[in-house]
Amino acid sequence: MIEISSLEFAYPGSDFSLRIPDFHVGAQEKVAVIGPSGSGKTTLLNLVAGILVPEQGTVRCGDSEVSALGEAARRDFRISRIGFVFQDFELLDYLSVLDNVLHPYRITKTLKLTKAVRDRAGKLLQQMGLGDKLTRGVERLSQGEKQRVAICRALLPSPQLVLADEATGNLDPRNKGHILDLLFDAVQDHGSTLLAVTHDHELLPRFDRTVDFN
Ligand code: ADP
Ligand code: MG
């Protein structure tokens, strides 16, 4: 599902650089990424999603060579094929909970917003414990609630690849197990691949494999 080779990346004006000679994640594999803060975990996810483009080397994802696509094609690819739970959520503050979750369907032609999709969105939010907050503006949510909205938005299109950047970092222990079960069940049910950054070593047994950025 993910195939990176001979990758070199640096941020302009920064001395951080990332070199990945060879990295492979198989279809339906669940891989955890661990490592200290600043080691490039978020950068890796952004390269896989085509938010960032490498200076050298290639990033392939499914049948797309992401690193060779133009900006508009990378954006369409990302919205329609990847469920990305961002470390800082990236919710739209002026939209309600439900409209945030439906937003990907409104900004790309490749996703069709049907009645069935709306119903699924409502059900997913219900399962995440947000059923009574569908019309609430997301700026009036706790961090944990925002994180759950971000997870729902990522899962709704049943993407072939889920990228999760510390997706349970803001959840209280009681919610965490339940939300993780929903995330892993969704990935399992849709035969998706999961690449997840986590600081929570207790979660590692749930994954097929761990990649350490140390
Ligand atoms: P992690 O997710 O492992 O904490 P990141 O991938 O976010 O690490 O960051 C890796 C390094 O790149 C850090 O040193 C960070 O300061 C730097 N960095 C991240 N984003 C940018 C950016 N947009 N511009 C310049 N440097 C950045
Ligand atoms: Mg990070």
Side-chain angles (χ1 to χ4, degrees), residues 1-25 29-61 66-67 69-72 74-75 77-79 82-93 100 138 141-155 159 161-172 175-176 179-180 183-184 187 192-204 206-214:
M1 170 57 62
I2 302 171
E3 194 77 65
I4 295 179
S5 63
S6 311
L7 179 144
E8 291 182 26
F9 172 82
Y11 290 103
S14 153
D15 45 14
F16 173 80
S17 66
L18 190 65
R19 265 165 190 270
I20 303 178
D22 194 26
F23 178 69
H24 174 88
V25 178
E29 212 181 354
K30 299 183 192 74
V31 176
V33 181
I34 59 169
S37 179
S39 59
K41 305 180 298 298
T42 296
T43 305
L44 169 69
L45 297 194
N46 285 334
L47 285 159
V48 171
I51 293 169
L52 297 173
V53 181
E55 276 151 35
Q56 301 285 330
T58 54
V59 178
R60 301 189 63 88
C61 190
V66 186
S67 50
L69 299 174
E71 199 171 330
R74 276 186 282 121
R75 182 174 173 278
F77 158 81
R78 180 165 67 249
I79 298 166
I82 293 185
F84 202 146
V85 186
F86 294 95
Q87 189 166 12
D88 51 2
F89 319 131
E90 301 205 6
L91 300 177
L92 296 163
D93 277 342
N100 264 283
V138 290
L141 296 178
S142 72
Q143 293 298 100
E145 288 168 336
K146 285 183 186 175
Q147 192 146 49
R148 284 181 271 151
V149 175
I151 294 171
C152 289
R153 181 181 58 187
L155 294 180
L161 175 62
V162 175
L163 300 174
D165 203 348
E166 299 181 28
T168 56
N170 293 281
L171 303 176
D172 58 82
N175 261 322
K176 194 163 72 179
I179 304 299
L180 273 165
L183 178 65
F184 276 86
V187 165
S192 309
T193 304
L194 175 64
L195 182 63
V197 174
T198 183
H199 280 303
D200 200 337
H201 287 222
E202 276 175 28
L203 304 183
L204 298 183
R206 289 190 177 228
F207 291 86
D208 300 318
R209 178 157 70 89
T210 298
V211 175
D212 192 344
F213 263 53
N214 260 300

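Predicted model only: the values in this text are computed from it and were never measured. In each ligand, atom 1 is the first atom listed, and ligand 1 is the first ligand listed. Computed from heavy atoms alone, side chains included, the values below leave out hydrogens, waters and symmetry copies. The first residue in the sequence is number 1, and the count goes up from there.
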| request: Work out whether the distance between some heavy atom of Pro12 and some atom of ligand 1 is less than 4.0 Å. | output: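 Under 4.0 Å: no for Pro12.
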| field | atom 16 (O) of ligand 1 touched by protein heavy atom at under 4.0 Å | value |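 So atom 16 (O) of ligand 1 lacks protein heavy-atom neighbours under 4.0 Å.
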| message | My question is simple, although I want it checked carefully: is atom 27 (C) of ligand 1 less than 4.0 angstrom from any protein heavy atom? | response |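 Under the 4.0 Å cut-off, atom 27 (C) of ligand 1 does have protein heavy-atom neighbours.
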Which residue and heavy atom of the protein sit nearest [atom], plus the separation:
{"atom": "atom 5 (P) of ligand 1", "answer": "Thr43 OG1, 3.6 Å"}
{"atom": "atom 8 (O) of ligand 1", "answer": "Gly40 N, 3.3 Å"}
{"atom": "atom 4 (O) of ligand 1", "answer": "Gly38 N, 2.7 Å"}
{"atom": "atom 7 (O) of ligand 1", "answer": "Thr42 CB, 3.6 Å"}
{"atom": "atom 20 (N) of ligand 1", "answer": "Tyr11 CZ, 3.4 Å"}

| message | If I take atom CG from residue Asn214 and atom CD1 from residue Ile34, how far apart are they, to the nearest 0.5 angstrom? | response |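 Output value for this atom pair is 7.0 Å.
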So does [Y] get a backbone contact from the side chain of [X], meaning a donor-acceptor N/O pair under 3.5 Å?
{"X": "Arg74", "Y": "Leu69", "answer": "yes"}
{"X": "Arg206", "Y": "Lys30", "answer": "no"}
{"X": "Ser192", "Y": "Pro159", "answer": "yes"}

| message | Within the 3.5 Å criterion, strictly below it, is a donor on Ser5 or Thr58 matched to an acceptor on the partner's side chain? | response |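 Looking only at side-chain atoms, Thr58 and Ser5 do form a donor-acceptor pair, the distance falling under 3.5 Å.
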| said: Does only the side chain of Ser14 get under 4.0 Å from ligand 1, or the backbone, or both, or neither? Count heavy atoms. | reply: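 The answer is the side chain.
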| said: Below the 3.5 angstrom mark, is there an N/O of Lys41, backbone or side chain, next to an N/O of ligand 1? | reply: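 Looking only at distances, the answer is yes, because the N/O contact criterion of under 3.5 Å is met.
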| query | If you look at every heavy atom in Ala49 and Leu163, which pair is closest and at what distance? | reply |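 Closest heavy-atom pair between Ala49 and Leu163: CB-CD1, 3.8 Å.
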